[in-house]
Amino acid sequence: MNFLIKIPLIKILVIISVFFQASMVYAISIPQTGQTTCYDETGAVISCANTGQDGDIQAGVVWPVNRFTDNGDGTLTDALTGLVWMQNANLAQTAGASTDGRLIWQEALDFVKDLNNGVYPPHHAGYTDWRLPNLIELESLINHEEIDFSAWLNTQGFTGFISFIYWSSTTRVQPGQETDALAIATGSGIQTAQDKATMEMNLIMVRGISNGPSVLHRTGQQTCYDATGTVISCAGTGQDGELQTGAAWPVPRFTDMGEGTIKDELTGLLWLKDIECLGPQNWMNTFTLTQDFNTNPGSYSCSEYTADYDDWRVPNRRELASLHDFSQYNPSLPADHLFVPISWGYDVWSSTTLPGSPHLAYTARLLSPTIYIASKTGNNRAWLVRDADPDCEPVVNVMQVWSEDSSGIFNVDFMITDNLTTNSAVTIAGCNADTYKLVIKYHVFDGNGVKFLIGKEIFLSVGTGTYSSNFTAAFPAGFAMGQSKIQVKGKLYFDGTILTTDKHHGWIDVE
């Protein structure tokens with residue numbers, strides 16, 4: 001792929017895309033819950049070492065150190081999910097739509113629509129695409145280490161977050177319950193359902209697309225309902241069923257691995273096919289049972305299970321919730337799931353404790369798409385998960401490679417006495433590994449076609465993410481003037497073996 005640029009006095013910008021075939025690139029990466037503390041069944045704090053609890057494993061995408069960026073216009077960008085949030089979490093009160101910031105569900109949807117239509121011009125921050133977040137987007141704000149995560153959010157750049165209940169745009173789809181919309185209690189992080197017509201709740205607005213490093217997925221809801229639970233046209237409602245924001249689900253979503261396990265192609269998680277084989281346990285016994293299953297899988301009668309993995313874990317709250325389909329009931333799993341239960345009338349433990357009441361743990365309901373809390377001394381099912389083994393090659397995308405002369409001006413006309421300043425941003429996606437080695441080499445060919453290496457940069461122990469490369473080099477001795485080209489080559493190694501390589505170039509004039 002050659003780029004011939006002959007326009008003087010402009011930046012030489014070579015957009016090079018290095019794509020390599022992959023048998024599977026997962027659509028999303030589930031973020032960590034934020035929990036780093038571990039507790040026993042009484043709620044006492046204990047050491048996390050080897051407990052298998054959420055605070056020990058901390059599975060998921062690591063949060064950026066500075067998660068929220070103040071954009072200076074009344075909005076905050078979440079560096080974890082890429083979503084842009086209204087900074088004021090009590091805008092309905094500020095704008096005068098409510099004396100206390102609380103509205104019934106349809107009023108909340110109408111307020112967002114009015115905001116976009118200019119009814120509250122000082123308050124829209126210059127954007128007209130605000131929406132009421134769906135349940136997954138709203139839940140992504142929760143820090144499960146905090147007793148009151150609304151107070152924590154007010155230390156992260158938000159203003160006006162109240163320890164109360166905030167609406168989502170997602171309806172509770174359960175026979176006779178479509179009169180309820182799902183919501184989050186910001187004082188605890190508990191999922192709840194509230195009557196659309198009578199209950200007044202707070203709201204916060206969001207906009208943009210979730211583009212990672214943790215990409216949020218769709219809820220699965222495709223139908224819209226009014227306050228009476230009647231199905232209505234989605235057009236212009238602003239409901240979850242209309243907007244369907246988030247990453248689309250792969251089709252098929254699930255793969256039977258033929259060893260008693262099912263892989264979720266959306267998340268890259270591997271689940272036991274037999275949901276019930278480990279039986280009901282109290283919360284603490286679930287972790288002991290998991291350790292024993294990793295050591296002695298033959299002692300358990302799990303349907304079709306022939307694998308010998310030794311790294312199964314109890315899923316955290318977000319891993320469990322990733323299986324919920326908010327358009328389904330009995331079970332609350334996607335319609336094309338391949339799991340084997342006896343019945344759906346039971347609940348499944350997560351490894352995540354409720355910080356405000358640490359004798360309770362989050363539990364997933366499989367009958368309806370609900371995450372609730374239960375006493376750790378009660379009995380629920382243990383349904384285990386692990387990260388699927390990589391079955392793909394990484395994808396490398398090299399972007400924004402350019403050169404400038406020694407004056408700092410981007411220019412395609414260079415003097416032989418100039419320096420070349422090169423910049424690039426290289427993104428690795430697909431299979432994650434902390435042992436990749438990324439090598440970026442820069443060459444320049446002179447007017448006679450002679451190739452010179454002008455520099456390279458090596459990144460050791462990298463995984464999925466973006467890496468910036470910047471350096472300045474003089475033209476090599478003996479370089480012949482004339483029409484020349486600058487070339488960029490990217491190589492990705494794993495255990496000394498080259499996984500991917502490609503090269504691209506753009507033309508420059510050297511005088």
Side-chain angles (χ1 to χ4, degrees), residues 1-22 393-431 433-511:
M1 184 184 301
N2 297 335
F3 295 83
L4 179 58
I5 304 176
K6 295 293 292 180
I7 304 173
L9 301 178
I10 64 169
K11 170 171 65 175
I12 174 172
L13 176 59
V14 183
I15 305 294
I16 56 180
S17 299
V18 189
F19 291 110
F20 298 89
Q21 293 298 318
E393 295 295 330
V395 178
V396 178
N397 183 20
V398 187
M399 301 180 62
Q400 289 185 263
V401 181
W402 61 80
S403 294
E404 63 185 27
D405 65 19
S406 56
S407 68
I409 298 174
F410 295 111
N411 196 330
V412 294
D413 294 322
F414 288 85
M415 302 297 294
I416 196 70
T417 55
D418 285 342
N419 289 329
L420 285 169
T421 297
T422 57
N423 305 268
S424 63
V426 180
T427 299
I428 302 172
C431 298
D434 294 327
T435 51
Y436 291 151
K437 181 174 75 171
L438 173 65
V439 179
I440 305 172
K441 288 186 178 181
Y442 299 88
H443 294 91
V444 64
F445 293 75
D446 68 7
N448 295 327
V450 179
K451 179 180 178 182
F452 298 86
L453 174 66
I454 59 173
K456 69 178 180 179
E457 189 160 4
I458 300 174
F459 299 84
L460 298 174
S461 298
V462 299
T464 55
T466 300
Y467 304 89
S468 297
S469 174
N470 305 279
F471 74 95
T472 298
F475 281 99
F479 187 89
M481 296 183 296
Q483 190 178 77
S484 307
K485 66 181 179 180
I486 181 169
Q487 181 192 82
V488 180
K489 179 184 289 186
K491 290 185 178 181
L492 193 68
Y493 296 80
F494 182 78
D495 288 342
T497 301
I498 297 176
L499 294 178
T500 61
T501 184
D502 198 32
K503 56 187 177 182
H504 299 276
H505 65 263
W507 294 97
I508 58 175
D509 288 331
V510 183
E511 300 174 354

For Ala474, side chain to side chain contact (heavy atoms under 4.5 Å, CB included) partners two or more places apart: Asn419
Approximate separation, where rounding is to 0.5 Å, of Gln483 CD and Asp509 CG: 5.5 Å
Straight-line distance of Phe414 CZ to Glu511 CD, nearest 0.5 Å: 11.0 Å
Residues in ring pair (Phe, Tyr, Trp, His ring centres under 6.0 Å) contact with Phe459, at least two apart in sequence or another chain: Tyr467
Rounded distance [0.5 Å steps], OG1 in Thr472 versus CG in Asp418: 11.5 Å
Interatomic distance, Leu460 atom CG to Ile458 atom CD1 [nearest 0.5 angstrom]: 6.5 Å
Check: Asn448 side chain, Val450 main-chain N or O, donor-acceptor pair, under 3.5 Å: no
For Ser484 against Gly447, the heavy-atom pair lying closest together: OG-N, 3.6 Å
Any residue meeting side chain to side chain contact (heavy atoms under 4.5 Å, CB included) with Ile416, in chain and number order, not counting sequence neighbours: Phe475, Phe479, Met481, Val510
